[in-house]
Amino acid sequence: MQQFEATAGEKWEQVFEANPSGRPKFYITVAYPYPSGAMHVGHGRTYIVPDVIARFWRMRGFEVLYPMAFHVTGAPVIGISKRIARGDEKAIYLYRDLYKVPPEVLAQFTNPLEIVRHFSEEYQRVMKSCGLSIDWRRRFTTVDPTYSKFIEWQWKHLGEGNHVVKGAHPVRYCPQCENPVGDHDLLEGDKAEILKFTLVMFRYGDSLIPTATLRPETIYGVTNLWVNPAVTYVKVNVDGKNWIVSQEAADKILLQDHTVEVIERIPGTSLIDQKVSHPLCGEVPVLPAGFVDPDMASGLVMSVPAHAPFDYIALRDLQRAGKYTDIQPIPLITVPGYGKVPAKEAVEREGVESQMDSRMDSLTQEVYAAEFSSGKLFDTYGGKPVRVARDDVAALMIQQYGSTVMYEFDNRTVVCRCGSRVYVKILHDQWFLQYSDPKWKAQVSGHLKDMSLVPPEVRVEFDRTVDWLKDWACTRRVGLGTRLPWDPAWLIEPLSDSTIYMAYYTIAHRIREFAPETLTPEVFEYIFLGKESPGLPEREKLGKLREEFLYWYPYNYRFSAKDLISNHLTFQIFHHVAIFPKQFLPRGMVVFGMGLLNGAKMSSSKGNVFLLEDAVQEFGADTVRMFLVGSAEPWQDFDWRNELVMSTKKQIERFWNTIIESSQSDESDTEIDMWLISRLQHHIGKTTESLQKFQTRQALQEAFFGVEADLKWYRRRISDGSKGHSSLKELCSVWIRLMAPIIPFTSEQLWSETGEIGLASFAAWPEVDDARIYPEIELAEELLFRTVEDIESIMKLIQITPSSLTLCVAPGWKHQIFKTIARSADRSQVIKEIMKDENMRAHGKDATDAIRQCTTLIHRLPPQIVEAFANGALDEENIFNGAASFLEKEFGIPVKVIPADPGIYAKAAAALPFKPAIIIE
RNA sequence: GCGGGGAUAGCCAAGCCUGGUCAACGGCGAUAGACUCAAGAUCUAUUCUCGCAGGAGUUCGUCGGUUCAAAUCCGGCUCCCCGCACCA
């Protein structure tokens, strides 16, 4: 069956190119890929689900735009190419063995642009093989010169709107490479966080001793400083003042905005027992402690034994040796669940005896966390919660007491690929997108309210992200990208150059006709904002671009995986509101779940991936599509399992065979055909409704399994030897179209096989024909179906060989009771109501029994059936007589239908409406 | 820590918003039968327990509550997953 996928591919060449027309438009976009590796089936779903939606709306008569481009800005490919050049085994394995890059191509990967070039070609090829209905004329990459011009315009606009501001920014930095290092460039320590220490300045003679702390608010509880007697410290001149720090610290400070000059070496021992002072805690002594790490921040710490387990235990050790017995912990924070001195309590509870105990770190974590989340300073120190006081005190120290900030990793083993130690460096003149701006945030929140978000649950996540976003460092020194127009030393960071490119798609194919150097900001001001200015190049041609933009924008839906909510998806709303007027702002977003492979998370780095191309090769594109779209709703995580994919393949084969067989039927229709057509209307309605709500799984259930189940019953009902009636032809035509968005290759082929004109991809989507919904026929068929099920279950239980079947249908008065109950709103009153009727009273106990049984039955039947029953007439005897030959064929015994008469069969008394008494002899 | 999402039969998974269509859709796996020399594919049946008349009992993480009625609503508890950024 895969051979015709190539045929369909040819038919589709260029047909999905979308142009402004008189029809209504539907514009969807997907986050474009960063082509640094091969596509796996997880990527496949990201692009296939939107394709199903695109095909659906196209068939509904909309002009649908589904474009694609490639994001190649950023640093990862540079790291990859370096690693490949160096012969890094892991990288080579990934590209040569997992992604199956041919050796001659791999050899060129030493050039990063070759990597993205190779994989973007591969992406396009694989996307085509999946049948994605993309307008490929609009394809671009983010390093195209025209795209750079577009970015320059965008940033000029943002700059003028005061959305971009300058600041300093700490980064991981390799002194040997003289560059900031990203995650991809690290040998170890990729999870290390940059912590912000406050240096608390203690005065010591003519010098300052900066002690590093994450908890400046505890200054009020300082009893002493700790110095490691085994370490030799240095006296250095920092920005004109003398500091005493470790040698390691001196090196680090140098990278953090300070001038540093070493004056002399000072052995740790010479500091012991000296007095130092700070205005907020007075004079305190310097004590020795082995746990003080010269390679952590400044290399010296202040001691708050009441609240820091390390400090407490070090002091206790000294005091046990009889020293410094006059020093007492000074508590300053109350924490629920702890007494006066939390550090002491924690240490004693765990029975920790030594500062080298392995439990000390977790103990410290615990006390810190408790105090931060629920601690409060004593009233004498202001009474504020710790989380507030921390920032307040830090600010106070910086303003009044000469404190400064020092950045340091939380763990010390951060190593660059080059083998050199990585430090924290403060980058100057860093540019930030000011997402913290409350006015900007308010605009974004305001617009979010008007957006359609699918599934609705993600709305809270968006709201929270908008609330929480801080300024974003939006420029980089290294990588591929566009230079910042007013400060060309900087490159625009990759997430920041991908916020409004959906607007660029509208003109991508036409703007290529312009020389990049003619694309001034004024040109884009005109295209996107309609602002005329003198000297626009080729004004007439530009008008066409403006028309495209006006026709397509805003986009209707953007699709993306859910991990982009906290950055890209929210950023793009920020940028849209900053640049475009209200009528061009995004309309909606659909957020996707992640992919699993045999129950485990898909991950290229772990090798746990299934390449999309291999999947298409092995199973066929339609199978892959149907599986990815049908195994879970888009926003749910899906699990790729080969055995399930295999059964999907069989389903498609079944579909194919059914259509081919059925389209030959041409006997004239009977009542069962009316049933089939009537049922079909429901499937059309539900499939349409589901696809409108992006519920691809639900849509498939209706369009495929729903129709298939009906067909199964239909075949059972028609007489032996018949291939079916002419209604099947109609059903086939509808069925092919219902399935076309999901399995377009198969549908396209079947469409021409069955003699239909044109392409299935552009055929009209089936509409529900209300006039052909026949509730009575459906109800009658339902009655028959349920009765057959009952008969089967009885046959299974009884042991006799049946010789005849008798159906006893319930008398009219029971129908009357059933209807009365079904229609009544208050079912507790219904007994009285019915028994008012003299005719009913005449049945005595039978009537009350019937009422009880009918009530139970009504609760057990689907509400639609009860309603249909209540509102229509149902001649059960007639229905069963009509189906008698069917029943005889099914069970192979004579069938008789009679009114229920307990005089003949005792069981007949049990006959209820919709549930005839069944007598098997 | 903060925020979000979950827990359903051997496995995957629907249902939950809008309580009775629920012993609980669908699929995988398993078992039996038909077809076949055979295997595979396909089709049929069974797959919580009991039952020789369409039934009954016990189930939807756990404990409790509301209701004539709870997988579904409310509260407590236990456990699991994801995000917390300077980057695709």
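Residue numbering restarts at 1 for every chain, and letters A, B, ... go by the order of the sequence lines. Note that this is a predicted model, so its numbers are computed, not measured.
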Salt bridge (charged side-chain N to carboxylate O under 4.0 Å, His left out) filter on A/Lys686, not counting sequence neighbours, yields none

Whole-Å distance, A/Ile492 CD1 to B/C86 C1', equals 15 Å

**Item:** Close side-chain approach of A/Tyr501 and A/Thr142, heavy atoms under 4.5 Å
**Value:** no

P atom, B/A9 versus B/C25: distance in rounded Å? 13 Å

Practice item. Using the C1' atom as the reference point in each nucleotide, state the distance between B/C81 and B/A24 in Å, no decimals. Key: 25 Å

Regarding the side chain of A/Glu493, the nearest nucleotide among B/U42, B/G26, B/C87 is B/C87

Polar atom pairs (N or O), protein with nucleotides 43-46 of chain B, under 3.5 Å:
from: B/U44; atom 1: OP1; to: A/Lys712; atom 2: NZ; distance (Å): 3.3
from: B/U46; atom 1: OP1; to: A/Lys796; atom 2: NZ; distance (Å): 3.1

Winner on side-chain proximity to A/Ala75, out of B/A88, B/G20, B/C87, is B/A88

Exercise. Does OP1 or OP2 of B/U21 have a side-chain N or O of A/Arg786 closer than 4.0 Å?
Worked result: no

Note to self: Using the C1' atom as the point on both nucleotides, what is the distance between B/C82 and B/A71, in whole Å?
What the structure shows: 25 Å

Ranking B/A88, B/G83, B/G27 by distance to the side chain of A/Ser647, first place goes to B/G27

- Task: Determine yes or no for a side-chain-to-main-chain donor-acceptor pair under 3.5 angstrom, with A/Arg459 supplying the side chain and A/Leu448 the backbone.
- Result: yes

Rounded to whole Å, CD of A/Glu708 lies from C1' of B/U42 at a distance of 13 Å

Have a look at A/Asp471 and say if it touches a base, only the backbone sugar-phosphate, or nothing, with a 4.0 Å heavy-atom cut-off.
base

To the nearest angstrom, the CG-P distance between A/Asp563 and B/C87 comes to 16 Å

Do the side chains of A/Leu700 and A/Met739 get nearer than 4.5 Å, heavy atoms only?
yes

Could you tell me how far B/G55 sits from B/A23 if I compare only their C1' atoms? Round to whole Å. 13 Å

Numerically ordered, the residues 626-638 of chain A set in heavy-atom contact under 4.0 Å with RNA chain B is A/Gln636

Row check, A/Trp490 ring normal vs A/Arg476 NZ/CZ: under 6.0 Å, within 45°:
no

Please produce a list of atom pairs where a protein N or O lies less than 3.5 Å from an N or O of nucleotides 4-12 of chain B.
from: B/G4; atom 1: O2'; to: A/Glu461; atom 2: OE2; distance (Å): 3.2

From CZ of A/Arg477 across to P of B/C87 the rounded distance in Å is 14 Å

**Q.** Trace of the salt bridge (charged side-chain N to carboxylate O under 4.0 Å, His left out) decision for A/Arg464 with A/Asp467
**A.** CA-CA 5 Å; A/Arg464 202 188 132 266; A/Asp467 205 44; over 6 Å; no

Applying ring-ring contact (aromatic ring centres under 6.0 Å, His included) to A/Phe694 and not counting sequence neighbours gives A/Tyr557, A/Phe559

When pairs are called at under 3.5 Å and a stem needs at least three consecutive Watson-Crick or G-U pairs, the stems of RNA chain B are B:1-7 with B:78-84, B:10-12 with B:26-28, B:29-34 with B:42-47, B:48-50 with B:55-57, B:61-65 with B:73-77

Q) Going through the distances and angles, do A/Val788 and A/Trp713 end up as a side-chain contact (heavy atoms from CB on, under 4.5 Å)? A) CA-CA 11 Å; A/Val788 167; A/Trp713 177 249; 4.3 Å; yes

Can you tell me, in whole Å, how much space there is between the C1' of B/C68 and that of B/C52? 35 Å

Closest of B/A14, B/C86, B/A88 to the A/Leu564 side chain is B/A88

Open item on the list: I'd like to know if the side chain of A/Thr475 reaches the main chain of A/Trp431, judged simply by a donor and an acceptor atom lying under 3.5 Å from each other, with no hydrogens or angles considered.
Closed with: yes

- Stacking check: are the rings of A/Trp472 and B/C86 less than 5.5 Å apart at their centres and under 30 degrees in tilt? yes

ask   = Charged N to carboxylate O under 4.0 angstrom, A/Arg679 versus A/Glu781?
value = no

Rounded to whole Å, CD of A/Gln695 lies from P of B/A14 at a distance of 12 Å

With the side chain defined as heavy atoms from C-beta on, A/Pro76 is closest, among B/U21, B/A88, B/C86, to B/A88

Residues at least two apart in sequence or cross-chain that pass ring-ring contact (aromatic ring centres under 6.0 Å, His included) with A/Tyr47, listed by chain then number, are none

Rounded to whole Å, the CD1-C1' distance (A/Ile865 to B/U21) equals 8 Å

Using the C1' atom as the point on both nucleotides, what is the distance between B/C22 and B/A88, in whole Å?
45 Å

So the side chain to side chain donor-acceptor pair (under 3.5 Å) pairs with at least one residue in residues 629-647 of chain A (sequence neighbours excluded) are A/Asp639-A/Arg641, A/Trp640-A/Asn642

When rounded to whole Å, the CG to P distance for the pair A/Leu480 and B/C87 reads 14 Å

For A/His43, the ring-ring contact (aromatic ring centres under 6.0 Å, His included) test, sequence neighbours excluded, returns A/His40

Shortest non-hydrogen pair, A/Phe119 vs A/Pro35, comes out as CB-O, 3.2 Å

Residues A/Arg786 and A/Pro862: closest non-hydrogen pair is NH2-CD, 3.3 Å

Exercise for the section: Could you give the distance separating B/G76 and B/G3 at their P atoms, to the nearest angstrom? Expected result: 15 Å

A/Phe818 meets the ring-ring contact (aromatic ring centres under 6.0 Å, His included) criterion, sequence neighbours left out, with A/Phe869

(request) Please state whether the rings of A/Phe574 and A/Tyr435 are parallel, tilted or perpendicular, taking 30° and 60° as the class boundaries. (result) tilted

A/Lys562 NZ to B/A85 P, in whole Å, measures 19 Å

Of the listed B/A56, B/A88, B/C86, the closest approach to the A/Pro494 side chain comes from B/A88

B/S/- along nucleotides 49-54 of chain B (protein heavy atoms under 4.0 Å) is --BBBB

By side chain to side chain donor-acceptor pair (under 3.5 Å), A/Tyr905 pairs with (sequence neighbours left out) none

* To do: Give A/Leu861 one of three labels, base, sugar-phosphate or nothing, depending on what nucleic acid heavy atoms sit under 4.0 Å from its own.
  => sugar-phosphate

Ranking B/U42, B/A85, B/C25 by distance to the side chain of A/Gln701, first place goes to B/C25

message = Please check if the number of heavy atoms outside A/Arg860 that lie under 6.0 Å from its CZ is greater than 12.
response = no

